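Here is the structure we will look at.
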Amino acid sequence: MCGRYAATKDPATLMREFDALDGTEGKATRADYNVAPTKEVVTVVERHPRDADGAVLEDEPAVRSLRVMRWGLVPFWAKDPSVGNRMINTRAETAKEKPAFRKALSRRRCLVPADGWFEWKATDPGEGRKAAKEPYYVTTRDSSSLAFAGLWETWRDPNADPEARPLITFSVLTTDAVGRLADIHHRMPLVLPSQRWADWLDPNRTDATGLLTPADRDWLDELELRPVSTKVNSVRNNGPELVERVEPEPVNLDTALFDLPNPR
DNA sequence: CCAGACGTTGTT
DNA sequence: GTCTGG
DNA sequence: CCAGACGTTGTT
DNA sequence: GTCTGG
């Protein structure tokens, strides 16, 4: 999965954590505790410099920088940017073959910095009741950033001025959930520990084989998994209260009476 | 050949 | 039920 | 991911 | 742009 996350750090902090230059061009967004598809966020890319005509200078060392992108990858051939609304995730298992993603997997990988991400656990509805979904927040214990493996793409509106800035969009890779995370949900974002960031971003590496492995179970088990308020459900809500731990929903008295075992 | 999709999730 | 928007 | 819409005509 | 389905 991964359809919602929190990203609250300013560019200066991200520059330090990701050893990157600031390429946000003043477009950097502010603290967002409820990042949803179609929103603009800061990502990290690594590219060789280009000359005035935009040709790649292969011999110049690659530069890592922050860039603002919109969540939901719009393939360059799309006639309409709404195509990106459905391209928010990319299955790591099939990314290499999918026409919408394979070129980006080879040449346009990015990291998506996050404080943590949200997962909704579907609870067993039980007789006659409707299913409930309990949101959880997955985050680091030391407040360091997580990094999702992402793919990015540029899109130009065929009906717009060709000189206009293209729309830059991204998708988050997903894998099978590992360890405790699998208790919440069967998919999770492809989270990369910092020692894997350089390989993922390396522009000289066009074969992504070996880059798509989920993180080690031991590393993932270090993450904190906390129940949070259903306030996060609505994208109109935003603020630090969305990531605060809450106790699991207290039992409603009316429902509880209903739940009493039948006397025999 | 042309037309139409190009994606993931979850749920049944 | 299914699609769109955030 | 979840929430919220899901429609057209005409008039201001 | 490129693949799949008809």
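All values derive from a computational prediction rather than experimental measurement. All chains are named by letter (A, B, ...) in the order of the sequence lines, taking the proteins before the strands, and each is independently numbered beginning at 1.
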Using modelled atom types only, decide if a donor and an acceptor are shared between the side chain of [X] and the backbone of [Y] within a distance under 3.5 Å.
X: A:Trp71; Y: A:Thr169; result: no
X: A:Asp53; Y: A:Ala55; result: no
X: A:Arg217; Y: A:Val178; result: no

What is the distance, to the nearest angstrom, from the [atom1] atom on [X] to the [atom2] atom on [N]?
X: A:Arg107; N: E:dG1; atom1: CZ; atom2: P; value: 17 Å
X: A:Glu153; N: B:dG7; atom1: CD; atom2: C1'; value: 14 Å
X: A:Asn238; N: D:dA3; atom1: CG; atom2: P; value: 15 Å
X: A:Met188; N: B:dT8; atom1: CE; atom2: C1'; value: 16 Å
X: A:Glu93; N: B:dT9; atom1: CD; atom2: C1'; value: 13 Å
X: A:Leu73; N: B:dT8; atom1: CG; atom2: C1'; value: 13 Å
X: A:Asn237; N: D:dC1; atom1: CG; atom2: P; value: 19 Å
X: A:Leu190; N: B:dT8; atom1: CG; atom2: P; value: 14 Å

Give a yes/no answer on whether the side chain of [X] brings an N or O atom under 4.0 Å of OP1 or OP2 in [N].
X: A:Thr174; N: B:dT9; answer: yes
X: A:Lys103; N: E:dG1; answer: no
X: A:Thr94; N: B:dT8; answer: yes

> Run the side chain to side chain donor-acceptor pair (under 3.5 Å) check on A:Thr206 and A:Ser106 step by step: do they pass?
Replying inline: CA-CA 4 Å; A:Thr206 53; A:Ser106 156; 4.7 Å; no
>> Over all strands shown, is A:Tyr5 touching base, sugar-phosphate only, or nothing at heavy-atom distances under 4.0 angstrom?
In response: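 Touches nothing.
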> Per the side chain to side chain donor-acceptor pair (under 3.5 Å) rule, which among A:Arg4, A:Lys39, A:Arg236 passes with A:Asn34?
Replying inline: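 The passing option is A:Arg4.
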> Any stacking of A:Trp77 on B:dC6, going by centres under 5.5 angstrom and planes within less than 30 degrees?
Replying inline: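 Aromatic stack with B:dC6 present for A:Trp77.
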Among [options], the nucleotide that comes nearest once only the side chain of [X] is considered:
X: A:Lys98; options: D:dA3, B:dT11, B:dG7; value: B:dG7
X: A:Trp120; options: D:dC1, E:dG1, B:dC6; value: D:dC1
X: A:Arg102; options: E:dG1, B:dT8, E:dT2; value: E:dT2

Roughly how far apart, to the nearest Å, are [N] and [M] at atom [atom1]?
N: B:dT11; M: E:dG1; atom1: C1'; result: 34 Å
N: B:dC6; M: C:dG6; atom1: P; result: 23 Å
N: B:dA5; M: D:dG4; atom1: P; result: 30 Å
N: C:dT2; M: D:dT9; atom1: P; result: 27 Å

> Under 3.5 Å, is there a donor-acceptor pair between the A:Asp59 and A:His48 side chains?
Replying inline: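 No pair is found: no donor N or O on one side chain lies under 3.5 Å from an acceptor on the other.
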>> Please determine whether the number of non-hydrogen atoms from other residues, nucleotides or ligands lying under 6.0 Å from atom CZ of A:Arg141 exceeds 12.
In response: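 Yes, enclosed.
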Give me the distances for all protein-to-nucleotides 4-6 of chain C N/O pairs that come in under 3.5 Å?
residue, atom, partner, partner atom, Å
C:dG6, N7, A:Pro37, O, 3.1
C:dG6, N7, A:Thr38, OG1, 3.3
C:dG6, N2, A:Arg4, NH2, 3.4

>> Using a 3.5 Å limit for the pairing distances, which stems of at least 3 consecutive Watson-Crick or G-U wobble pairs does DNA chain D take part in?
In response: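 So the stems come out as C:1-6 with D:1-6.
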>> Going by side-chain contact (heavy atoms from CB on, under 4.5 Å), A:Tyr5 matches just one of A:Thr139, A:Leu146, A:Val35, A:Val138. Which one?
In response: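 That would be A:Val35.
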>> A:Asp115 vs A:Thr8, test: side chain to side chain donor-acceptor pair (under 3.5 Å). Steps then yes/no.
In response: CA-CA 7 Å; A:Asp115 300 14; A:Thr8 71; 2.5 Å; yes
